[in-house]
Amino acid sequence: MAVRPPRFAHHRFVGDKRTQVVYDLDDPSLDQAVVDELVGHGQLLAFAPDTLAEARNRGYRLARLSRNRA
């Protein structure tokens, strides 16, 4: 499981504004390198409420690595 970025410590789902992909930070298959890259680009977005349904409502799709767990 990836370590959550400090600004997103209380969020489970974060989106990449560049690709409109949402990542589940509780997914054990999420690689820390992916999270580090997203933080490095400063293009993360949190959703309120913090649900996959809200992310989809905003046009985001679940990252492939997490699709089998949703």
Side-chain angles (χ1 to χ4, degrees):
M1 185 176 342
V3 176
R4 294 178 189 214
R7 288 185 48 202
F8 298 92
H10 300 291
H11 296 278
R12 177 177 176 181
F13 296 100
V14 294
D16 183 345
K17 294 179 188 178
R18 302 167 298 164
T19 60
Q20 297 266 227
V21 172
V22 65
Y23 294 91
D24 180 353
L25 296 177
D26 287 347
D27 185 342
S29 64
L30 180 60
D31 187 14
Q32 184 65 42
V34 172
V35 176
D36 293 342
E37 189 239 334
L38 291 171
V39 170
H41 284 286
Q43 295 296 312
L44 282 177
L45 172 75
F47 305 97
D50 188 26
T51 63
L52 184 55
E54 180 60 25
R56 288 182 175 148
N57 185 44
R58 295 185 187 198
Y60 284 73
R61 65 191 185 286
L62 188 61
R64 276 190 200 271
L65 58 95
S66 302
R67 283 196 182 149
N68 60 353
R69 299 186 54 92

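Computed from a predicted structure; not experimentally measured. In this chain, residues are counted from 1 in sequence order.
In this structure, T19 OG1 and L38 CG are separated by 7.5 Å, a value rounded to the nearest 0.5 Å. One finds the CD atom of E37 at 7.0 Å from the CG atom of D16 (value rounded to the nearest 0.5 Å). Rounding to the nearest 0.5 Å places CZ of F8 at 7.0 Å from CG of L45.
Residue Q32 comes nearest to V3 through the heavy atom pair OE1-N, 2.6 Å, listed as atom of the first residue, atom of the second, then distance. Between R58 and Q20 the shortest heavy-atom distance is O-NE2, 4.3 Å. Taking all atoms of both residues into account, the shortest heavy-atom contact from R4 to H10 is NH1-C, 4.2 Å. When all heavy atoms of L44 and K17 are compared, the pair lying nearest together is O-CE, 3.6 Å.
Close placement of the Y60 and F47 rings is indicated, their centers lying within 6.0 Å of each other.
Between L52 and V22, the closest side-chain pair of non-hydrogen atoms falls below 4.5 Å. Counting only heavy atoms from C-beta outward, the side chains of D24 and L30 never approach each other to under 4.5 Å. Here the side chains of V21 and R61 are in contact, with some heavy-atom distance below 4.5 Å.
Of the possible donor and acceptor atoms, none in the side chain of D26 sits under 3.5 Å from a partner among the backbone N and O of R12.
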